[in-house]
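Okay, so here's the structure we're looking at.
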There are 2 protein chains.
Amino acid sequence: MKKLALLLVCLPLLTVAQSNKDSLQLRMIMNECLLNSSAYVHLEELCKEVGGRLSGSPEAARAVEMVAKWASKIEGVTVTKQPCMVTHWVRGAKEEAVIYRKGLSPIALYPCALGNSIATPSNGIKAQVVEILRWTQLDSLGKAGALRNKIVFFNRPMNPTFIDPGAAYGNAVDQRWGGAARAAAYGAVGMVLRSVTHAYDQYPHTGVMGYQDTIPKIPALALSTIDATLLSACVHGDSQLEVFIKDNCKMLPDEPSFNVIAEIKGSTYPDEIITVGGHLDSWDLGEGAHDDGTGVVQAIEVIRIFQALHLHPKRTIRAVAFMNEENGAKGGKAYLEAAKQNHEKHIAAIESDGGGFTPIGFSSTAKNEVRAKILKDWKPLFEVYGIWNFTGEGGGTDIGFLREINTVLFGLEVDGQRYFDYHHTANDVFENVNKRELEMGAASLAMLAWLISEKGL
Amino acid sequence: MKKLALLLVCLPLLTVAQSNKDSLQLRMIMNECLLNSSAYVHLEELCKEVGGRLSGSPEAARAVEMVAKWASKIEGVTVTKQPCMVTHWVRGAKEEAVIYRKGLSPIALYPCALGNSIATPSNGIKAQVVEILRWTQLDSLGKAGALRNKIVFFNRPMNPTFIDPGAAYGNAVDQRWGGAARAAAYGAVGMVLRSVTHAYDQYPHTGVMGYQDTIPKIPALALSTIDATLLSACVHGDSQLEVFIKDNCKMLPDEPSFNVIAEIKGSTYPDEIITVGGHLDSWDLGEGAHDDGTGVVQAIEVIRIFQALHLHPKRTIRAVAFMNEENGAKGGKAYLEAAKQNHEKHIAAIESDGGGFTPIGFSSTAKNEVRAKILKDWKPLFEVYGIWNFTGEGGGTDIGFLREINTVLFGLEVDGQRYFDYHHTANDVFENVNKRELEMGAASLAMLAWLISEKGL
């Protein structure tokens, strides 16, 4: 009875002591990152010495070697190149788009092909244009035969009143993904798309699109928001307006590639795996800085922090640079398949694929009781770093496959108001990443991985 | 008794209804701003057609007219130019700084004078350099006579482990403000300062410094962090190293200028005033975009939103563009003096002077019971916009004077990790402001002003 009384007295004190220890460890992690991070230097190396790195390209292959090299320099880390066959699409020569107005001089635009698009015939396509703002409008015009032999121009913008730009993106990107097939089903011969962004500028935004097996494939190009505005104005002035488009893309057979895995074996529960990842492939137009060079260098930084601080996590921590997120997600699928084949136990996975901006929280797929625990015990530890939002649902494309084996998924949430200004453009370059914002994101990933490792979920 | 029972039943429902009405009104404000804001266009006009606008300069005078013009175009708004005498310091011809190493070629640096600095003699100053990292080091060297006829080089950096960059700034800026006087007290003939920033680049950061009446005035220049690192390396290699500095600054007599006030009269309590402000003056090196063009255009936007939505606030709302925040704060003082003279009742004031970044909260000087009410009733209304932090203590330089008349002060808190990259440099330009982040800040100011206006404090 005395012992119980003592325990009852001491328990709150022990809890406070534990909480103090946790907060000190998180502070050590954050400080180590802000003082000694390799993330920014790694990002510069990846962006400037490799640059854009489409799946299957020589650049992607060089990026794999670069990340493996970084990881192998960290003591006590096992580096694996995990094979996967990846999509191999190539853009070919620069795309063209020209507006032809009756009796007026033509207007050259600066388009880019959407990812996975087919090529136009070698002499391009010239056709009348129909602007589409709603799916219902597409269907009614299509059923009336008004899209036959036309180039369909999808011009619905992202909605500025969505506070989360990711939600606004999700609400507009259906045009990019499905527009070509839906237009082709009504006999259209090509599609051009207003870039999916809030920015009003001259950068066209690429990104993946898809075809359907039963519908003819037509070429698909993106226009900058300025070019889209210009084309819309011309169409309104002349419904007979013609546009010429030309692209030179090609889908090649799948190519062998790799995910890069850097692992620290857990000291107590080595069989329980926590994955922290970003994707190593990027679009070819820029340097893939925010998308997703930052996620990759942050994941490697997590491992570096643990080893630099001699933290010895209880559970196994893996930093993973996934391949082929952008136009196939075959790296993510291969990671799941290997996990299943090897009967691995993946308790949690954390993805950073929203850009290297100031961290504000973690979305997750956690069940209610786990979420309640996170809100009660962990959120207060994060709030001093401005990381406050643990309410969202989500994870990420690459780790998403792990849901099949009951892994709890987390997505790093950031202050991403300017993400879609850079996303999938020639302007996604190293110079647009802020060193501190990148590092705070890396530290956040390490802090969450550390808590999961020490306490379980 | 029946009535009481009915009231008891209905009260929670009424509260819910009120809260729904509040949240709808805040949503209207946010949407109006994100869809139709003038803030970004105004900022471009201010930055590109006026640019840097030091107090007392012709540019500052033109900025006053520009803001008055914007405000007078908004229906139902009374525009006043409130006179104040302001500091009039001029930089003069470009500054120089050169490192002279024995037997090696000289190294030219790219300095800028600190605000309010005196000039060097017209042929400059050449002297040995002493690097100082701590005040105790200054004092011990000073007392030993080791600073006599020297140029003192203050090289203590901002601490990267402070999460709030404003706190890291506050922790380093004492060198800029007080360094020259404290070095001169020990016989130093000049001071150079490592720019107060986290960024490692070639931009020197100006900012206000001060002298003391009883201590000789010595010229004070800032070096970029790269130049400071270079100078430090040279000093470590050669303790006899000499540096040449030259600047051409001049303090002129105070100049007449104005605060610009745009007022909507309150519909119910016209005598109760809520001020929303930023400062119109800026340093001369850049365009004063984040510091504080954004605060000014946001304040004007608050007024525009209310009038566009026909919101008719119960209390009087004033958008104020304060003059002379940077090197005298005489606009803020004049605003207080006029308030006292006219027996005005200022219930609240909100300042935006942390840059046009994504809003995350409001610091305040509110007493505990007011703060508790804000946390309970208002914070949930803001959280859906990512505005979550209502805990900080603060207000702002210009509105700070109103504390004397018991005004509750609020400061807009933002995701300012990159603020001190631009702050007081030639790189504080329009292009580094994101349209959405600027607008979300403006909407936040309007939302808080609206709640205070409708509910009091």
Side-chain angles (χ1 to χ4, degrees), chain A residues 26-37 40-41 157-165 168 197-201 356-361 379 382-392 413-422 431-441 443-444, chain B residues 26-37 40-41 157-165 168 197-201 356-361 379 382-392 413-422 431-441 443-444:
Chain A
L26 297 197
R27 171 49 80 175
M28 278 170 62
I29 289 171
M30 178 60 83
N31 284 7
E32 171 61 27
C33 191
L34 289 174
L35 291 169
N36 304 316
S37 172
Y40 194 62
V41 175
M158 265 169 67
N159 184 337
T161 68
F162 281 61
I163 300 305
D164 173 7
T197 178
H198 282 310
Y200 189 58
D201 63 21
F357 305 102
T358 306
I360 61 167
K379 186 184 170 191
F382 280 97
E383 272 191 337
V384 289
Y385 304 100
I387 299 159
W388 65 281
N389 192 344
F390 290 79
T391 55
E413 298 294 314
V414 297
D415 173 14
Q417 291 300 333
R418 57 199 203 283
Y419 184 49
F420 292 100
D421 294 10
Y422 310 127
E431 290 76 3
N432 288 326
V433 178
N434 177 277
K435 180 171 179 287
R436 280 181 65 79
E437 295 179 0
L438 172 71
E439 290 169 355
M440 288 178 65
S444 309
Chain B
L26 297 198
R27 173 48 81 175
M28 278 170 63
I29 289 171
M30 179 60 83
N31 284 6
E32 171 60 27
C33 192
L34 289 173
L35 290 169
N36 304 315
S37 173
Y40 194 63
V41 175
M158 267 169 67
N159 184 337
T161 68
F162 282 60
I163 300 305
D164 174 6
T197 179
H198 281 310
Y200 189 57
D201 64 20
F357 305 102
T358 306
I360 61 167
K379 186 184 171 190
F382 281 96
E383 273 191 336
V384 289
Y385 304 101
I387 299 159
W388 64 283
N389 192 343
F390 291 78
T391 56
E413 298 295 314
V414 296
D415 173 13
Q417 292 299 336
R418 57 199 203 281
Y419 184 48
F420 292 101
D421 293 10
Y422 310 127
E431 289 77 2
N432 288 326
V433 178
N434 177 277
K435 181 172 181 284
R436 280 181 65 79
E437 295 180 0
L438 172 71
E439 289 169 356
M440 287 178 67
S444 308

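Fair warning: this is a prediction, and the values are worked out from it, not measured in the lab. Keep in mind that the numbers below use all heavy atoms, side chains included, and drop hydrogens, waters and symmetry copies. Each chain gets a letter, A, B and so on, in the order its sequence line appears, and its residues count up from 1.
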Exercise for the section: Would you indicate whether the side-chain heavy atoms of Ile163(A) and Arg27(B) approach each other to under 4.5 Å? Expected result: yes

Exercise for the section: With rounding to the nearest 0.5 Å, note down the distance linking CG in Leu34(A) to CG in Asn159(B). Expected result: 9.0 Å

Fill in the blank from the handout: Bottom line for Asp164(B): the part with an atom under 4.5 Å from chain A's heavy atoms is neither

Exercise for the section: Tell me, for Asn389(B) versus chain A, whether the close heavy atoms (under 4.5 Å) come from the side chain, the backbone, both or neither. Expected result: neither

Handout entry: Under 4.5 Å from any heavy atom of chain B - which part of Phe162(A)
Key = backbone

Completion exercise
The interface call for Arg418(B) against chain A, heavy-atom contacts under 4.5 Å, is both

Completion exercise
The interface call for Glu383(B) against chain A, heavy-atom contacts under 4.5 Å, is both

Handout entry: Proximal component of Phe420(B), with respect to chain A [non-hydrogen, under 4.5 Å]
Key = neither

